[in-house]
Trainee: 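Have a look at the structure that comes next, please.
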Amino acid sequence: MPTRPRLLRSIPFWALVVASLATAAYGSWLLLDKLGVMTTTLTDGTATGVEVYVGQSIAVVGGILLGAGVLGVMLALTVAAIATLRPYAPVDVAEPLAWTADDAVDAPAAGHGYERGLGYTSAIPTADVDARDDAAVTPPATTR
C-alpha cells in the first residue's frame, strides 16, 4: 500500500511557498519603488520620459509579479487545506516471527535463493516441506 508523506515533509510544497513569497515580495518592492519614483519626480516637476513611461511599464510588471506571488500563496493554502481532508492510513507493521532454537535447526535449506534450477524461490514452506516438518516434530513412539 503506497503511502504519501505528510505535507510538512513535502519539498515541492515548500518550494511553492518559498517561490510564491519571494515573487510577491519582489513584485511589491518593484511596484512600490517605481510608483514612489514617479510620484516624487512628477510632483517636483523634474520627471523625465524614462522615469514616467518606462516606470509605468516596470510598475505593471511589478504588479503582475505581486499577483502571481499572491496566487501561489493561495494555491499553497488550498493544497494545505485539501491535505487535511485526506484520511490518514497508518502503515501496518509486520510482527516479528517467534523463532526458537529448534526451529532454526529443523528449518529446511529452501528459501535461500535458487534451488533445483527453478529460479528464485521464497522462504514460504511448501506442502512437501510441511510434511517433513510434521514428521520431524512428531515424537517417536516409545515401546515398553
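Along the sequence shown, the residues carry numbers beginning at 1.
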Trainee: Using a 3.5 Å cut-off and no angle test, enumerate the donor-acceptor pairs between side-chain atoms of residues 15-24 and protein atoms at least two apart in sequence or in another chain.
Mentor:
residue: S20; atom: OG; partner: L16; partner atom: O; Å: 2.7
residue: T23; atom: OG1; partner: A19; partner atom: O; Å: 2.7

Trainee: If you look at every heavy atom in A25 and S28, which pair is closest and at what distance?
Mentor: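 Heavy-atom minimum between the residues: O-OG, 2.9 Å.
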Trainee: With W29, which residues qualify under ring pair (Phe, Tyr, Trp, His ring centres under 6.0 Å), at least two apart?
Mentor: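 Checked W29 against ring pair (Phe, Tyr, Trp, His ring centres under 6.0 Å); matches are Y26.
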Trainee: Show the atom names and distances, to 0.1 Å, of all donor-acceptor pairs under 3.5 Å that link a side chain in residues 65-85 to residues at least two apart or in another chain.
Mentor:
residue: T78; atom: OG1; partner: M74; partner atom: O; Å: 2.8
residue: T84; atom: OG1; partner: A81; partner atom: O; Å: 2.6

Trainee: May I have the list of side-chain donor-acceptor pairs in residues 45-61 shorter than 3.5 Å, sequence neighbours left out?
Mentor:
residue: T48; atom: OG1; partner: E51; partner atom: N; Å: 3.4
residue: E51; atom: OE1; partner: T48; partner atom: N; Å: 3.4

Trainee: Whether the side chain of T40 engages the backbone of V37 through a donor-acceptor N/O pair (distance < 3.5 Å, no angle test) should be reported.
Mentor: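 No; zero donor-acceptor contacts below 3.5 Å.
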Trainee: Side-chain contact test, heavy atoms from C-beta onward, threshold under 4.5 Å: evaluate it for W14 versus L8 and give yes or no.
Mentor: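 Contact flag for W14/L8 side chains = yes.
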